[in-house]
Amino acid sequence: MAVSTTSLNSTLIVKYQTGTTPTGGPELKQKSLNYLKADTTEQDVYDVAAALFSLGQHPVINVLLRKNFELLDE
C-alpha cells in the first residue's frame with residue numbers, strides 16, 4: 001500500500017515578545033497568517049515575516065511554518 005501526498009495550504013506563525021511577566025519570564029504572543037499558497041517557498045515566507053515584523057516594536061522570538069498535506073492511498 002503506497003501513500004502519496006498532495007500539498008495543501010500553509011500557515012505562518014510568528015511568536016514575539018511583548019514584555020516580561022511579574023516573575024521575570026518573557027510574555028509571548030503570536031500572530032498567524034493562514035491559507036498561504038502551497039507553492040510558496042520557505043525563504044519567501046520568512047522574508048515576509050521579517051519585513052512585516054520589522055515595522056513593529058516587539059522582537060520576534062520564532063517564525064514557524066505549518067504545512068498541510070492530504071494523504072492519499074494509492
Colleague: Less than 4.5 Å apart, side chain to side chain, heavy atoms only: is that true for Leu12 and Leu64?
Modeller: no
Colleague: Ignoring hydrogens, what is the shortest heavy-atom contact between Val63 and Ala49? Give both atom names and the distance.
Modeller: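 Closest approach of Val63 to Ala49, heavy atoms only: CG1-CB, 4.0 Å.
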Colleague: Transitively linked via ILVMFWY side-chain contacts under 4.5 Å: Leu8 with Tyr35?
Modeller: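 No; tracing contacts between hydrophobic side chains, which count when under 4.5 Å, never links both residues.
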Colleague: Got a donor-acceptor contact below 3.5 angstrom from the Asn68 side chain to the Asn9 backbone?
Modeller: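 Judged by distance alone, yes, a pair lies under 3.5 Å.
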Colleague: Take atom CD of Glu70 as the centre, draw a 6.0 Å sphere, and report whether it contains more than 12 heavy atoms from other residues, nucleotides or ligands.
Modeller: yes
Colleague: Can you tell if the side chain of Leu72 reaches within under 4.5 Å of the side chain of Thr5, non-hydrogen atoms only?
Modeller: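 Leu72 vs Thr5: side chains apart.
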Colleague: First locate atom OG of Ser7, then atom NZ of Lys67, and finally report the distance between them rounded to the nearest 0.5 Å.
Modeller: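 Atom-to-atom, Ser7:OG and Lys67:NZ are 6.5 Å apart.
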Colleague: Do Tyr16 and Thr18 come within less than 4.5 Å of each other through their side chains, counting heavy atoms only?
Modeller: yes
Colleague: Knowing that exactly one of Leu65, Asp44, Val48, Thr11 qualifies, which makes a side chain to side chain contact (heavy atoms under 4.5 Å, CB included) with Leu36?
Modeller: Leu65
Colleague: To the nearest 0.5 angstrom, please state how far the NZ atom of Lys29 sits from the NE2 atom of His58.
Modeller: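 These two atoms lie 7.5 Å from each other.
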Colleague: Looking only at atom types and distance, does a side-chain atom of Thr21 sit under 3.5 Å from a main-chain N or O of Gly25, one as donor and one as acceptor?
Modeller: yes
Colleague: Around Phe69, counting heavy atoms of other residues, nucleotides and ligands shown, do more than 12 lie under 6.0 Å from its CZ?
Modeller: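 For Phe69, atom CZ is crowded (more than 12 foreign heavy atoms under 6.0 Å).
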Colleague: Indicate yes or no: at least one non-hydrogen side-chain atom of Glu27 is less than 4.5 angstrom from one of Thr20.
Modeller: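 Not in contact.
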Colleague: CD1/Ile61 to CD/Gln17 distance, rounded to the nearest 0.5 angstrom?
Modeller: 5.0 Å
Colleague: Do Asn62 and Val14 have side chains that get closer than 4.5 Å, going by heavy atoms?
Modeller: no
